[in-house]
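To start, the structure itself, in structure tokens.
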Amino acid sequence: MILEQLDSDQAVETISIPLEGKSSIADHMVIASGRSTRQVASMAAKIAQRMKTEFKRSPRIEGLPAADWVLIDAGDVIVHLFRPEVRSFYNLERMWSLTDAPIVAGPAF
């Protein structure tokens with residue numbers, strides 16, 4: 001559902017990193033970029049709303065007021081939404097690729 005929503009919202013460079021058996025924090029990590037703070041905030045709000053509607057779960061969201069980097073903790077899945085400059089600065093993909101977990105790339109727009 002998260003990847004589908006990000007695709008619908010025209011997220012940029014979406015990747016999903018499987019963490020099951022590698023980390024206790026979550027089973028998957030999704031990282032995506034938006035072109036602006038407005039798009040990042042909108043994507044986060046839509047994911048949260050769909051989770052409430054479809055799964056009756058309210059994810060924890062951090063960073064929404066500034067929307068440079070928004071973290072959505074959905075339990076088994078952690079979603080990081082960035083503006084491109086902030087994403088390249090923190091480079092989470094590189095940190096998590098140091099494990100031998102394969103990275104699955106989504107469509108890039």
Ser24 meets the side-chain hydrogen bond (donor to acceptor under 3.5 Å, both in side chains) criterion, sequence neighbours left out, with none
Sequence neighbours excluded, which residues qualify as side-chain contact (heavy atoms from CB on, under 4.5 Å) partners of Leu3?
-> Thr14, Ser16, Val30
Name all residues meeting the salt bridge (charged side-chain N to carboxylate O under 4.0 Å, His left out) criterion together with Glu54; count only those two or more places apart in sequence or in a different chain, and write none if there are none.
-> Arg50
Check side-chain contact (heavy atoms from CB on, under 4.5 Å) between Ser8 and all other residues, then give those that pass, not counting sequence neighbours.
-> Gln5
For Glu62, side-chain hydrogen bond (donor to acceptor under 3.5 Å, both in side chains) partners two or more places apart = none
So do Asp73 and Pro59 actually touch side chain to side chain, heavy atoms under 4.5 Å?
-> no
Qualifying ring-ring contact (aromatic ring centres under 6.0 Å, His included) pairs, either residue in residues 35-77, two or more places apart | Trp69-His80, Trp69-Phe82, Trp69-Tyr90
If a pair satisfies ring-ring contact (aromatic ring centres under 6.0 Å, His included) and one of its residues is in residues 4-26, list it, with sequence neighbours excluded.
-> none
In chain order, what residues pass the side-chain contact (heavy atoms from CB on, under 4.5 Å) check against Ala41, with sequence neighbours excluded?
-> Leu64, Ala67
Does Asp68 have any salt bridge (charged side-chain N to carboxylate O under 4.0 Å, His left out) partners at least two apart in sequence or in another chain, and if so, which?
-> Arg83
Of all residues at least two apart in sequence or in a different chain, which pass the side-chain hydrogen bond (donor to acceptor under 3.5 Å, both in side chains) check with Lys46?
-> Asp9
Listed partners of Asp27 passing salt bridge (charged side-chain N to carboxylate O under 4.0 Å, His left out), at least two apart = none
